[in-house]
2 protein chains.
Amino acid sequence: MIRLHKQGEIVQKLCEKCSLHILCMPVMLKERELTDLGAIIRQSRRLKKGEYLFRAGEPFTAIFAVRTGFFKTIVNSQDGRDQVTGFFMSGELLGLDGICNNNHGCDAVALEDSEVCELPFNNMEDAGSLLPSLQIHFYRLMSQEILRTQELMLMLGNMRAEERLAGFLVNLSHRLSFRGFAANDFILRMSREEIGSYLGLKLETVSRTLSKFQQEGWIKVEHKHIQLLQPWMLQEMVMHCQKAVG
Amino acid sequence: MIRLHKQGEIVQKLCEKCSLHILCMPVMLKERELTDLGAIIRQSRRLKKGEYLFRAGEPFTAIFAVRTGFFKTIVNSQDGRDQVTGFFMSGELLGLDGICNNNHGCDAVALEDSEVCELPFNNMEDAGSLLPSLQIHFYRLMSQEILRTQELMLMLGNMRAEERLAGFLVNLSHRLSFRGFAANDFILRMSREEIGSYLGLKLETVSRTLSKFQQEGWIKVEHKHIQLLQPWMLQEMVMHCQKAVG
DNA sequence: CGATTTTTTGATTGGTATCAAACATGGTGG
DNA sequence: CCACCATGTTTGATACCAATCAAAAAATCG
């Protein structure tokens, strides 16, 4: 938990749902450990829309937790084609794929003015040996990222355009509501093209599919403002998709 | 390194390239640490072809390193469709996605008679605090798994059937050669359908594409026996694919 | 050897990409 | 404040790749 912030209460609320909560809330820890942990989280960093938090290939020194704002990550293939591999909102972690080779495996770009907490990885290592529970917590976070990419693989490998987009909207809705935002009324921070890249579709297909969902009465689309009118229909589509269409 | 094995030398050779090498080779560690580490790796376990090492949902207690043989992992989607998410050969790690929720996120099935080393995760936690370098090594392994799935996502999201299969063969070739096997002459341990599931293709497409590669003279296919005659052509196809086809 | 499973190959269908053009949006500078 | 341009979005027509349906051939297993 970052201290000395003007809007202390708001920050605390954000932090409650953060993956790094345990690192920031020394209250739960013993007195001795508290002092040791003081230096783990470094002061937050602000980024303007479009700014890069890090780029693929840059030396890896820290992991980041989104405090406010929205990010995307992009992997660059050898031949210039690149793909969005994730969208990250407050409380979510960026940069875990950099640990492996000591340099970042993807670009991270702010999709709106944002703020992140920086966790230098060296401190992390030290803290891990001091606090076994922290080490395990961190294993969990990394494992969760593996689960996330597995789910995405399932979408990319098995699902049709409509199912992928439905899955995307439902997932976004869940994550927003978990963080206390409206589940069925939100602003898309990313372009149609970025959604397409993430889902392995072309931007025209994304646009067409959103229009179709609107015609069906399942959602309301006003540019980037999305309302889920019948979210259960989207959920349905992700679950047994071949029936819903065939 | 498992001791007291009949074919000591062969085992040692296999272990040299194993991800868990560092856990098994106490030679590199100080005397005191050696004793502590004695109990980390548990005796290996044998599985017959078709046997499950673990199933999705089962309580997670250990991570496994393939010692000999070949495995696939499968994620089950809610509606019954499932997808192969990886193939694992000797030295590679299975079960990392189970840490997150304390139960396994996928099935792991032996594709031939196999043997694994079992690493109880509790021991792992203890060992991590004793040996910081070990903890970091383990972070690296998990990060590597994230990188692997990212690469696969790129294939599933961006590539055409030919490119995916070329990428698959090249990847297999690299991993085999890293472990001292022939790079351009190997036996596929999995069926066409399993390859298809992994690559987001139907088995017919896999079969057709292999036939096409053979007609081009790039590979030789004899059932499960594959020879790469012009591996650079496959590599080429993965790198700048649109040119090679358009 | 026969039964079952896997693989190959062909014909057709269908979903998404591609190409193209109109339209809306948001930011910039006059 | 508005005109303007660059960018992003929608929608339509067409093309193409891979899925599907189908059937024969080959391999595996008991």
Side-chain angles (χ1 to χ4, degrees), chain A residues 48-50 72 81 83-84 109 111-113 155-168 187-216 219-226 237 241-246, chain B residues 48-50 72 81 83-84 109 111-113 155-168 187-216 219-226 237 241-246:
Chain A
K48 292 222 171 289
K49 181 175 175 177
K72 67 171 174 180
R81 287 182 293 187
Q83 179 164 347
V84 173
V109 186
L111 293 179
E112 59 179 344
D113 291 0
M155 292 226 293
L156 292 172
N158 274 309
M159 294 189 178
R160 315 212 344 251
E162 293 181 358
E163 298 159 8
R164 293 184 203 181
L165 200 60
F168 169 74
I187 306 292
L188 293 178
R189 254 61 222 213
M190 69 296 282
S191 69
R192 305 288 192 260
E193 186 169 20
E194 286 162 335
I195 297 174
S197 171
Y198 179 65
L199 297 175
L201 302 170
K202 293 294 161 188
L203 67 101
E204 295 96 326
T205 306
V206 173
S207 176
R208 265 184 252 273
T209 308
L210 284 174
S211 299
K212 199 204 156 189
F213 285 175
Q214 183 166 234
Q215 278 167 25
E216 301 275 3
I219 69 175
K220 188 162 191 294
V221 186
E222 278 180 314
H223 320 305
K224 308 224 158 192
H225 178 196
I226 303 283
M237 168 156 281
C241 0
Q242 53 270 69
K243 289 177 197 166
V245 179
Chain B
K48 291 223 171 291
K49 181 175 175 177
K72 67 170 174 181
R81 286 181 293 188
Q83 179 165 346
V84 173
V109 186
L111 294 179
E112 59 179 342
D113 292 0
M155 292 225 294
L156 293 172
N158 273 310
M159 294 189 178
R160 318 217 335 255
E162 294 181 359
E163 297 160 7
R164 293 185 204 182
L165 201 61
F168 170 74
I187 306 293
L188 293 178
R189 253 63 222 212
M190 69 296 281
S191 69
R192 306 287 193 260
E193 186 168 20
E194 285 162 336
I195 298 174
S197 172
Y198 179 65
L199 296 176
L201 302 171
K202 292 296 162 189
L203 68 101
E204 294 96 325
T205 306
V206 173
S207 176
R208 263 184 255 274
T209 309
L210 284 174
S211 298
K212 198 204 157 190
F213 285 176
Q214 183 168 233
Q215 278 167 26
E216 301 274 4
I219 68 175
K220 188 161 190 296
V221 185
E222 278 180 314
H223 322 306
K224 308 222 156 189
H225 178 197
I226 303 282
M237 168 156 280
C241 358
Q242 53 270 72
K243 288 178 199 167
V245 179

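Below, read A as the first sequence line, B as the second, and so on, with proteins coming before strands; counting in each chain starts at 1. Remember, it's a predicted structure, so these values are computed and weren't measured experimentally.
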Answer yes or no: are there more than 12 heavy-atom neighbours, outside [X] itself, under 6.0 Å from its atom [atom1]?
X	atom1	answer
A:Q214	CD	yes
A:K224	NZ	yes
A:E112	CD	yes

[N] [atom2] sits how many Å from [X] [atom1], rounded?
X	N	atom1	atom2	value
A:N158	D:dT20	CG	P	10 Å
B:M190	C:dT6	CE	P	15 Å
B:R192	D:dA18	CZ	C1'	18 Å
A:E204	D:dG12	CD	P	14 Å
A:M159	D:dA18	CE	P	21 Å
A:E193	C:dA17	CD	P	13 Å
B:R208	D:dC21	CZ	P	14 Å
A:E112	C:dG27	CD	P	14 Å

Taking only side-chain N and O atoms of [X], does any of them lie within less than 4.0 angstrom of OP1 or OP2 on [N]?
X	N	answer
B:H223	C:dT6	no
B:S211	C:dT9	yes
B:T205	D:dA18	no

Within the structure shown, what part of the strands sits under 4.0 Å from [X] by heavy-atom distance: base, sugar-phosphate, or nothing?
X	answer
B:K224	sugar-phosphate
A:G196	nothing
B:S207	base
A:L201	sugar-phosphate

| request: Can you check whether any acceptor in the base of D:dC17 is under 3.5 Å from a donor in the side chain of B:E162, or vice versa? | output: no
| task | Give a yes or no on whether the backbone of B:S207 and the side-chain of B:S211 come within a donor-acceptor separation of less than 3.5 Å. | result | yes
| query | Considering heavy-atom distances to DNA chain D, does B:K49 or B:K202 have its closest nucleotide positioned more toward the 5' end? | reply | B:K202
| Hey, what do you get for CE (A:M159) to CZ (B:R81), rounding to the nearest 0.5 Å? | 5.0 Å
